[in-house]
Chemist: 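Before I ask anything, let me first share the structure, which is written out below as structure tokens.
Convention: sequence-line order gives letters A, B, ...; per-chain numbering from 1.
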Amino acid sequence: MAKLQNGNELIFRVAIAVPVYRLFDYLAPEQFESAHIKPGIRLEVPFGKAKKIAFLVECVQHSDVAIGKLKRVERILDEKPLLSTKDLALLHWASRYYHHPLGEVFSAAFPVALRQGKSVVIQAEKRYALTDAGKAIDSELLKRTPKQKSVLEKFQAHQHSLSEAELSEWNENWRTSVKQLVDRQLLQLAASSEFGASASESIIRNTALQCNPQQQAAITAVCDSLGQFGVFLLEGVTGSGKTEVYMQIIRTVLERGQQVLVLLPEITLTPQLEERFRQRFTVSIAISHSKLTDRQRACAWLTMQRGECSILLGTRSALFTPLKNPGLIILDEEHDASFKQQEGFRFSARDVAVVRGKLLNIPVLLGSATPALESLHNVDNKRYRLLHLPERAGDATAPVLQLLDIRNKRMQEGLSEALVAEIHKTLARNEQVLLFLNRRGFAPTLICHGCGWVARCGRCDANLVIHYDEGILRCHHCGQEQRLIKHCPACKTGELTPLGLGTERVEKVLAELFAGKTIVRLDRDSTQRKGALENYLQQINQGSVDIILGTQMLAKGHHFPNVTLVAILDVDSGLFSIDFHAPEKLAQMIVQVSGRAGRAEKPGRVIMQTRQPEHPLLTTLIRQGYNSFAKTALAERKDASLPPFSYQALLRAQALDAEMPKLFLHAVAELAREYTKGHTDILGPVAAPMARRAGLYRYQLLFQSGKRPELHALLNVLMPKIEKLKQAKKVRWSLDVDPVDLY
DNA sequence: AGCACGCCGACT
DNA sequence: GTCGGCGTGCTC
């Protein structure tokens with residue numbers, strides 16, 4: 001029934017993943033079942049020369065486009081929408097809030113396979129489990145078939161089934177051995193879904209740990225609020241037992257027959273948590289992050305959508321996964337900047353999670369040892385409820401933080417004599433040392449001792465970083481590389497000298513100073529190889545490593561129980577950034593790195609080398625802790641009318657031409673001034689902190705208002721006009737609502 | 001984002 | 001005389 005009663009054709013208004021702030025109208029397909037026509041269904045439509053997948057937004061009777069120009073929907077792909085009405089409302093909200101085209105927002109919510117129009121019938125990946133015979137057998141009996149023996153041991157070490165993906169992650173060549181073990185009836189194909197454990201069957205596998213009163217209070221607070229919206233900020237230092245709190249709350253949610261979405265900032269953190277969850281819960285757990293194949297992600301998405309799986313563990317992009325029976329959203333390490341998407345649809349997974357929780361009427365649990373200032377502010381204004389875990393669980397004591405004044409001290413490649421002595425003492429006690437330096441490579445600068453020439457990137461406003469191991473100079477911003485040169489290209493005579501410190505360089509001096517000790521360097525360069533990080537972590541935890549040296553990567557999640565001394569080699573570099581977020585990020589980094597030490601019975605110490613021993617950020621943090629720092633920092637933000645006491649949106653523009661981005665933003669600023677009525681400040685345009693990157697010149701324009709509605713009202717009128725601006729066609733531009741870094 | 005249309009340089 | 005460079009504009 002394509003015709004309406006009045007003789008007009010029914011119009012399908014759809015969203016398509018193109019960077020255009022507009023929906024498209026189509027004629028209804030030749031034939032369709034009107035009962036199936038619900039917002040959110042996927043359609044195949046002709047678009048320009050190509051066919052595209054579109055998402056139905058609404059059906060209307062009239063189109064502003066001449067009827068003759070309308071094309072017809074080619075095919076209806078779904079019998080019913082894959083997203084609930086509430087999740088569709090969430091996407092509409094996100095599109096409006098982030099001023100991003102609805103089609104692209106829809107696209108972000110779907111896994112690639114479904115975005116491309118694939119059918120929802122996707123083969124789930126196989127899982128294998130031990131048979132009773134497999135559980136009972138002594139693996140030594142298989143010593144003549146070592147490959148099968150090791151596979152068997154892998155299964156026996158876990159109490160649960162393993163998926164094809166997990167096996168591949170462990171060892172690429174598992175298939176033959178698994179097949180042989182299946183033939184010997186030691187392994188079997190696990191039930192396609194472990195979910196649906198009948199009520200009589202237990203959801204949990206092993207018993208929960210004993211909780212302290214604060215943990216218990218947190219568990220009770222969230223559990224009492226199940227079935228209604230509320231945001232909880234679970235603040236607990238490393239080792240305070242946040243994960244145990246999560247697991248006990250999850251158990252209650254599962255017992256209610258509901259699902260849980262757990263978001264983490266990084267892929268590297270998923271295996272640990274997955275393992276703990278699998279040890280605890282019998283229900284099936286889906287995983288979703290960018291290192292998985294499209295099929296695996298689509299599979300995780302669909303099993304959650306159908307309610308065949310109870311827990312989803314994923315990164316930022318898993319936020320939009322539909323839940324048949326939503327019960328709870330957990331977002332761990334909520335302060336982490338990785339939750340903010342930094343390109344395209346620039347959403348904050350934390351903020352969208354809160355809105356989703358509100359729409360679904362379920363609680364949202366945010367966890368961190370170092371909550372974002374914004375979240376603490378939301379506690380102050382009663383939007384979030386604080387759940388505090390002040391103590392370290394068990395007997396572990398908190399590490400002692402101290403500043404090491406290195407002014408006028410003799411330094412050897414960034415290491416003061418005092419620090420070297422401390423490292424020696426620690427190693428003598430057979431304990432591990434962890435050194436943190438947030439700069440990879442050998443040295444950040446190559447300078448000519450003769451004429452002052454510096455190796456610069458030809459495409460960015462940045463110096464090339466020396467990577468001695470690879471014999472190259474590399475730009476850390478655009479990735480461009482060139483061979484490491486020996487002679488100055490400018491004066492031809494001068495000697496080229498590395499200036500500054502990177503992890504490679506510190507590693508080299510450590511090898512000299514602590515000859516005979518095992519040193520492991522953990523940074524993006526040393527862990528590029530698949531499985532390299534896991535390998536190193538295993539070595540470290542087995543105690544075969546004495547000194548661990550690394551970047552950022554060390555600050556997140558991994559625990560090093562035998563580390564008793566942590567040193568932050570260069571804390572000062574974080575003190576002088578132009579970005580107002582820098583002190584917050586630095587304080588979080590210090591506390592997070594500190595959390596790596598002193599977990600077991602051995603107390604930990606944290607030494608920070610500084611030339612600013614009186615710096616208020618450092619002294620407040622050390623003497624009074626993160627919360628006092630946060631109070632001070634929030635007070636400063638308030639005085640300066642910075643977020644969270646004001647609201648920002650940053651318009652960025654870049655182009656090959658040096659002038660166009662500035663001209664474009666000037667035109668926008670001029671337009672904006674016509675509409676703002678003084679409620680919103682228009683700051684700039686100014687050159688971006690890195691004015692040129694990957695060959696493109698970059699400018700930015702900041703909008704800031706004390707009232708969010710004012711800011712959004714301005715952006716609402718501005719965006720369509722920006723799109724039509726003639727200068728807009730000569731630059732690449734993007735809007736970033738609530739920017740977290742001003743680069 | 002794709003993809004075609006369109007007006008200026010080195011090739012059979 | 002054409003092939004093709006990527007600037008510009010459109011997609012219901």
Chemist: Please list, by residue number, the residues of residues 658-666 of chain A whose heavy atoms come closer than 4.0 Å to an atom of DNA chain C; answer none if no residue qualifies.
Modeler: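 Contacts with DNA chain C under 4.0 Å: none.
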Chemist: How long is the span from the CG atom in A/D294 to the NZ atom in A/K118, to the nearest 0.5 Å?
Modeler: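 Reported value, rounded in 0.5 Å steps: 7.5 Å.
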Chemist: Please check: side-chain N/O of A/Y699 versus main-chain N/O of A/M660, any donor-acceptor pairing under 3.5 Å?
Modeler: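 Side chain of A/Y699 to backbone of A/M660: no pair is present.
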Chemist: At under 4.0 Å between heavy atoms, what does A/R13 touch on the DNA or RNA strands: base, sugar-phosphate, or nothing?
Modeler: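 Result for A/R13 = nothing.
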Chemist: With A/V737 as reference, evaluate A/R346, A/Q648, A/H712 under the side-chain contact (heavy atoms from CB on, under 4.5 Å) test and give the passing residue.
Modeler: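 The option that passes is A/H712.
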Chemist: If you walk 5' to 3' along DNA chain B, what is the first nucleotide with an atom under 4.0 Å of a heavy atom in chain A, and what is the last?
Modeler: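 So the outermost contacting nucleotides come out as B/dA1 to B/dA4.
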Chemist: What is the 5' to 3' range of DNA chain C, first to last nucleotide, that sits under 4.0 Å from any heavy atom of chain A?
Modeler: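 Answer, 5' to 3': C/dT8 to C/dC12.
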Chemist: May I ask you to check whether A/F320 and A/W301 place their ring centers less than 6.0 Å from one another?
Modeler: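 For A/F320 and A/W301, the ring centres are not under 6.0 Å apart.
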Chemist: May I ask you to say whether A/D579 pairs ionically with A/K585, meaning some side-chain N is under 4.0 Å from a carboxylate O?
Modeler: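 The answer is no: the pair does not qualify as a salt bridge.
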Chemist: Quick check against the 3.5 Å criterion: does A/R115 have a side-chain atom that pairs as donor or acceptor with the backbone of A/S107?
Modeler: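 Judged by distance alone, yes, a pair lies under 3.5 Å.
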Chemist: Using atom types as modelled, flag every donor-acceptor pair under 3.5 Å from a side chain in residues 722-735 of chain A to any protein atom, sequence neighbours excluded.
Modeler:
from, atom 1, to, atom 2, distance (Å)
A/E723, OE2, A/Y21, N, 3.3

Chemist: Charged N to carboxylate O under 4.0 angstrom, A/E659 versus A/K662?
Modeler: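 Counted as a salt bridge, because a side-chain N and a carboxylate O are separated by less than 4.0 Å.
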Chemist: My understanding is that only residues two or more places apart in sequence, or in another chain, count here; which of them pass side chain to side chain contact (heavy atoms under 4.5 Å, CB included) with A/L331?
Modeler: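 With neighbours one apart ignored, the set is A/L263, A/E334, A/F339, A/R350, A/A353, A/L366.
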Chemist: Please table the atom pairs, donor to acceptor, closer than 3.5 Å between any side-chain atom in residues 75-84 of chain A and protein atoms at least two apart or in another chain.
Modeler:
from, atom 1, to, atom 2, distance (Å)
A/R75, NE, A/E44, OE1, 3.4
A/D78, OD1, A/R42, NE, 3.3
A/D78, OD1, A/R42, NH2, 2.9
A/D78, OD2, A/R42, N, 3.0
A/D78, OD2, A/R42, NE, 2.9
A/S84, OG, A/D87, N, 3.1
A/S84, OG, A/D87, OD2, 3.4

Chemist: Base, sugar-phosphate, or nothing for A/V20, non-hydrogen atoms under 4.0 angstrom?
Modeler: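 Base: the residue A/V20, judged by heavy atoms under 4.0 Å, touches a nucleobase.
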Chemist: Base, sugar-phosphate, or nothing for A/Y26, non-hydrogen atoms under 4.0 angstrom?
Modeler: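 Here A/Y26 touches the backbone only, sparing every base.
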Chemist: If you assign each of A/A17 and A/K49 to its closest nucleotide in DNA chain B, which residue comes earlier from the 5' end?
Modeler: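 Mapping each residue to its closest nucleotide by heavy atoms, the 5'-most match is A/A17.
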